[in-house]
Amino acid sequence: MKRIDPTLAARVPPGQSLTTKWPVLTYGMTPRFSPSTWTFRCFGLVEQEVSWTWQEFLALPMTSVTCDVHCVTRWSRLDNRFEGVAIREIMRRVTVRPEATFVMVHADPDYTTNLPIEELVADDALLAIKHDGRPLEPDHGGPCRLVVPRLYFWKSAKWVRGFEFLDVNPPGFWEQNGYHMHADPWAEERYSDQETHAMQKMRAEAARKLRAR
Ligand SMILES: Nc1nc2c(c(=O)[nH]1)N[C@H]1C(S)=C(S)[C@@H](COP(=O)(O)O)O[C@H]1N2
Ligand SMILES: [Mo]
């Protein structure tokens with residue numbers, strides 16, 4: 001960790017420190033990639049399921065995004081250059097039913113994370129295959145990971161394999177284990193018990209007002 005240059009401070013959310021290294025954070029083991037069986041699949045509330053093989057996926061138009069990464073464990077890494085397929089390119093090829101409002105992201109090995117569709121289709125969200133000019137290392141989600149720069153990094157599923165479109169918002173893996181359902185780093189939406197505290201505060205406030213009348 002290094003001291004934060006004031007010109008960069010505006011890019012660092014509250015409670016975060018900068019790192020130039022890139023820590024690996026995985027629950028469990030790095031899965032083995034098999035190019036002949038890998039698919040990326042869009043399913044759930046869609047007019048028709050769509051899936052791409054690894055070869056088909058590599059033929060999609062590629063883009064690059066330079067973004068900052070913010071991990072809930074309090075490190076941030078600025079200016080990451082990711083290359084891959086923009087989520088917009090995926091959405092152009094999938095007809096999502098109008099009632100769909102949330103996405104469950106499915107990843108190997110048995111990792112899931114939930115987010116609202118608006119966050120997934122943000123301009124800077126992509127399915128990345130390269131980082132800073134090199135193929136994504138297996139430990140960092142290679143060959144393909146989701147990157148959603150505007151949310152804490154646990155929403156950026158490594159070894160991503162599909163999007164399930166839903167009209168409900170069930171919690172994914174970390175969300176079931178106490179992480180926040182939304183995860184905006186600028187609002188420090190770290191853990192779900194913040195919501196409980198917020199609700200308790202609101203209830204206490206309401207009770208105080210009632211008593212004061
Ligand atoms: N499939 C999968 N994706 C995952 C994880 C995981 O355990 N499995 N960990 C998440 C968490 S908690 C973080 S902080 C980031 C870490 O990404 P990195 O190891 O490339 O830094 O990946 C996220 N994506
Ligand atoms: Mo994390």
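Read the numbers this way: they start at 1 and go in the same order the structure lists the ligands and their atoms.
The shortest contact between atom 14 (S) of ligand 1 and any protein heavy atom is with Cys71 SG, 3.4 Å. Protein heavy atom in closest approach to atom 17 (O) of ligand 1: Arg145 NH2, 3.2 Å. For atom 19 (O) of ligand 1, the closest non-hydrogen atom of the protein is Lys158 NZ, 2.6 Å. Counting only heavy atoms of the protein, atom 24 (N) of ligand 1 lies nearest to Ser156 O, 3.2 Å. Here the protein heavy atom with the shortest distance to atom 16 (C) of ligand 1 is Leu25 O, 3.6 Å. Protein heavy atom at the shortest distance from atom 21 (O) of ligand 1 is Pro23 O, 2.7 Å.
Surrounding CZ of Arg93 are more than 12 heavy atoms belonging to other residues, nucleotides or ligands, all under 6.0 Å away. Atom CD of Glu47 is surrounded by more than 12 heavy atoms from other residues, nucleotides or ligands within 6.0 Å. Other residues, nucleotides and ligands contribute more than 12 heavy atoms inside 6.0 Å of the CZ atom of Phe33. The number of heavy atoms from other shown groups lying within 6.0 Å of CD (Glu137) does not exceed 12.
Numbered from 1 in the order shown, with element, the atoms of ligand 1 that lie under 4.0 Å from a heavy atom of Ala157 read 3 (N), 24 (N). Taking a cut-off of under 4.0 Å to the non-hydrogen atoms of Thr26, the atoms of ligand 1 that pass are 7 (O). In the vicinity of Asp108, heavy-atom distances shorter than 4.0 Å reach the ligand 1 atoms 1 (N).
Contacts between Phe173 and ligand 1 below 4.0 angstrom, taking non-hydrogen atoms only, are absent altogether. Counting heavy atoms closer than 4.0 Å to ligand 1, residue Pro109 contributes nothing at all. The backbone and the side chain of Phe153 each have at least one atom closer than 4.0 Å to an atom of ligand 1 (non-hydrogen atoms only). Contact annotation: for Thr73 versus ligand 1, there are no heavy atoms closer than 4.0 Å.
Taking the six-membered ring for Trp, Tyr179 and Trp174 have ring centres closer than 6.0 Å.
Checked against Val96 for a side-chain contact (heavy atoms from CB on, under 4.5 Å), the options Ile117, Thr101, Leu45 give a single hit: Ile117. Remark: of the listed residues Glu119, His180, Glu175, Glu175 is the sole one forming a side chain to side chain donor-acceptor pair (under 3.5 Å) with Lys155.
For the pair Trp159 and ligand 1, the shortest N or O to N or O distance does not fall below 3.5 Å. For ligand 1, the polar-atom distance check finds an N/O of Trp22 within less than 3.5 Å of one of the ligand's N/O atoms. Considering backbone and side-chain N/O of His140, one or more are found under 3.5 Å from N/O of ligand 1.
In this structure, Thr112 contributes its side chain and Phe173 its backbone to a donor-acceptor pair below 3.5 Å. Gln176 places a side-chain N or O within donor-acceptor distance of the main-chain N or O of Pro171, the cut-off being under 3.5 Å.
At a threshold of 4.5 Å between non-hydrogen side-chain atoms, the residues Ser36 and Trp54 do not count as touching.
Here the shortest heavy-atom distance to atom 4 (C) of ligand 1, taken over Tyr111, Tyr27, Tyr152, Trp154, belongs to Tyr111.
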Could you check Arg97 against Val46 for side-chain contact (heavy atoms from CB on, under 4.5 Å), going step by step and ending with a plain yes or no? CA-CA 5 Å; Arg97 296 219 186 111; Val46 294; 5.7 Å; no
